[in-house]
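Structure first, then comments.
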Amino acid sequence: MSDSKTDGPGALPVLRPLNVPWMLSPSGPGLKATCVEEPWACQVTAYALFGPLAETYLKDEDAEDPGYHLIRVEFIRSGWSRFSPIFAERDPIQRAQYDWSQVPFRGPVDMTTDGRGEYTRAWMANGACPDSGAYEVLESAWAREPRVARFGLRHFILVGHDAYVEVLAMDWKWSLASRE
């Protein structure tokens, strides 16, 4: 039995992981969203684990938490956002509401117990975390609402430890943020 329903009436919105070299930290709070009216922008900061790519991205780091760094995701021309508490401890964004067929491994993997190393190998091979906790929502009902659809915005979700943020925006980019 499939965990997706992608055709016909009642089709679920599809989650597609963003192509990033990090994973939002599932083990600690710190997700912060700042949205401004002009120039219609939203910025999210959070701690991220760079896992097997830490040496590539965090070369000169002398951090107390090796492999982790504060990142900033900037949403360009964002008009709507919402910040919500997690749905449940093991189900932060209510899995049954989405088609997860494009998300390898279907959920966070404990890097210390990735015994076969499949997750780490996929992360290294693709240069991107297989399930970063940052997604684009395809076939989003929110993005298709009449008052929203005219702007051609895309729906994004970033999942933290105790909360998640959803943003409708034209595009996004990420960068390392200075530690606060």
Side-chain angles (χ1 to χ4, degrees), residues 1-6 10-35 42-54 65 67-75 78-115 118-120 122-123 126 128-145 148 153-169 172-174 177 180:
M1 183 164 119
S2 172
D3 66 342
S4 66
K5 184 177 180 183
T6 57
L12 296 174
V14 178
L15 288 185
R16 179 173 58 198
L18 297 184
N19 188 22
V20 292
W22 41 259
M23 169 195 300
L24 291 173
S25 176
S27 61
L31 193 67
K32 178 182 174 185
T34 306
C35 301
C42 185
Q43 173 180 290
V44 176
T45 56
Y47 276 95
L49 171 66
F50 283 79
L53 300 176
D65 291 327
Y68 283 89
H69 200 286
L70 192 65
I71 55 116
R72 174 183 303 111
V73 180
E74 294 178 60
F75 293 97
S78 61
W80 285 263
S81 63
R82 48 192 182 201
F83 197 91
S84 305
I86 61 169
F87 174 69
E89 183 78 24
R90 299 262 182 223
D91 195 11
I93 58 170
Q94 202 168 2
R95 290 184 175 278
Q97 299 298 311
Y98 298 95
D99 171 347
W100 290 78
S101 62
Q102 292 192 22
V103 182
F105 301 96
R106 305 257 175 26
V109 172
D110 182 348
M111 297 304 291
T112 62
T113 61
D114 184 22
E118 294 172 26
Y119 195 83
T120 301
W123 200 336
N126 299 322
C129 182
D131 185 2
S132 62
Y135 311 98
E136 180 172 359
V137 182
L138 308 176
E139 306 302 322
S140 165
W142 189 26
R144 289 192 317 253
E145 288 179 7
V148 175
L153 303 176
R154 297 158 56 196
H155 183 179
F156 300 95
I157 298 179
L158 280 72
V159 181
H161 182 264
D162 295 320
Y164 64 95
V165 63
E166 296 180 81
V167 178
L168 293 176
W172 65 278
K173 62 183 179 179
W174 79 271
E180 297 176 348

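Not measured: the values here are computed from a predicted model.
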Exercise. Crowded around Glu145 CD? As in, over 12 foreign heavy atoms under 6.0 Å?
Worked result: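 Yes, CD of Glu145 has more than 12 neighbouring heavy atoms, counting only those of other groups under 6.0 Å.
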
List in chain and number order the residues that pass side chain to side chain contact (heavy atoms under 4.5 Å, CB included) with [X], two or more places apart in sequence or in another chain; answer none if no residue qualifies.
X: Ala54; result: Phe50, Leu58
X: Pro17; result: Val103, Pro104, Tyr135
X: Arg72; result: Gln43, Thr45, Glu74, Ser175, Ala177
X: Ala169; result: Phe75, Ser78, Phe156, Val167

Problem set entry | Gap between atom CG of Asp131 and atom CG of Leu24 - 0.5 Å precision |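 Answer for the CG-CG pair, Leu24 versus Asp131, is 9.5 Å.
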
Exercise. Can you name the nearest heavy-atom pair linking Tyr68 to Ser25, along with the distance?
Worked result: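 Shortest heavy-atom contact: CE2-OG, 3.8 Å.
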
Exercise. Can you name the nearest heavy-atom pair linking Ile93 to Tyr98, along with the distance?
Worked result: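 Looks like O-CE1, 3.3 Å.
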
For this session: State which residue, out of Leu15, Val14, Leu12, Leu168, fulfils the side-chain contact (heavy atoms from CB on, under 4.5 Å) condition with Val137.
Result: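 The option that passes is Leu15.
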
Problem set entry | Partner set under side-chain hydrogen bond (donor to acceptor under 3.5 Å, both in side chains) for Ser81, not counting sequence neighbours |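 With sequence neighbours excluded, Ser81 shows a side-chain hydrogen bond (donor to acceptor under 3.5 Å, both in side chains) to no residue whatsoever.
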
For this session: Report the residue from Gln102, Arg154, His155 that forms a side-chain hydrogen bond (donor to acceptor under 3.5 Å, both in side chains) with Glu136.
Result: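 Of all the options given, the one that passes is Arg154.
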
Is there a donor-acceptor contact under 3.5 Å from the side chain of [X] to the main chain of [Y]?
X: Trp100; Y: Arg95; value: yes
X: Asp99; Y: Ser101; value: yes
X: Trp22; Y: Ser132; value: no

Exercise. Considering residues at least two apart in sequence or located in another chain, which fulfil the salt bridge (Lys or Arg N to Asp or Glu O under 4.0 Å) criterion with Glu166?
Worked result: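 Residues passing salt bridge (Lys or Arg N to Asp or Glu O under 4.0 Å) with Glu166: Arg82.
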
